[in-house]
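Comments concern the structure below.
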Amino acid sequence: MNSAVTQISAYISEETKGQMESYVKRKGVTKAFLIENALQHFLQALRELPEDLIVPARLVVSEASLERIAERLNQDEDPTPALRALMANK
């Protein structure tokens, strides 16, 4: 296959860069191969899966939401019946 290629540029976190470099070193592939392959998989998932099933890689919450989450985590509550049922069906 003789496809034209183009170059793209993106800013990524140091953590993502480290993970990418570790992967390409372990697997012996190029960064370009990894990035194109990952992008193709992601775009295929977007085409084939319902949008509400795509789980974001990062969750961004406001400071107020984070405080409410922390408060809930610190509470000594019994699990709900729904949570019990979910965890029972491992």
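- The environment of Glu63 atom CD is sparse: at most 12 non-hydrogen atoms of other residues, nucleotides or ligands sit within 6.0 angstrom.
- Linking ILVMFWY residues whenever their side-chain heavy atoms come closer than 4.5 Å, directly or via other members, places Leu59 and Ile69 in the same cluster.
- Atom CG of Asp76 is surrounded by 12 or fewer heavy atoms from other residues, nucleotides or ligands within 6.0 Å.
- Closest heavy-atom contact between Val24 and Val29: CB-O, 3.2 Å.
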Handout entry: side-chain contact (heavy atoms from CB on, under 4.5 Å) between Lys27 and Leu34, intermediate numbers included
Key = CA-CA 10 Å; Lys27 298 296 182 176; Leu34 173 62; over 6 Å; no
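- With rounding to the nearest 0.5 Å, the separation of CG in Leu66 from CD in Glu71 is 10.0 Å.
- Judged by distance alone, the side chain of Asn37 and the main-chain N or O of Phe33 form no donor-acceptor pair under 3.5 Å.
- The shortest heavy-atom contact between Asp78 and Arg84 is CB-NH2, 4.3 Å.
- Rounding to the nearest 0.5 angstrom, the gap separating the OG1 atom in Thr30 from the CD1 atom in Ile35 is 8.5 Å.
- Here the closest non-hydrogen pair linking Met20 and Ile12 is CE-CD1, 4.1 Å.
- Between the NZ atom in Lys25 and the NZ atom in Lys31 there is a gap of 12.0 Å [rounded to 0.5 Å].
- With contacts defined as side-chain heavy-atom distances shorter than 4.5 Å, the pair Gln40/Gln44 does not qualify.
- Heavy atoms from other residues, nucleotides or ligands lying under 6.0 Å from CZ of Arg26 number more than 12.
- Enclosure of atom CD in Glu36 is not indicated, since only 12 or fewer non-hydrogen atoms of other residues, nucleotides or ligands lie within 6.0 angstrom.
- The CZ atom of Phe42 sits 6.5 Å away from the CD1 atom of Ile54 when rounded to the nearest 0.5 Å.
- Annotation for Ile8: atom CD1 does not count as buried by contact number, only 12 or fewer foreign heavy atoms lying within 6.0 Å.
- The CG atom of Leu53 sits 13.0 Å away from atom CD of Glu48, with the distance rounded to the nearest 0.5 Å.
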Problem - side-chain contact (heavy atoms from CB on, under 4.5 Å) assessment of Ser22 paired with Lys17 - result: CA-CA 9 Å; Ser22 174; Lys17 181 182 176 188; over 6 Å; no
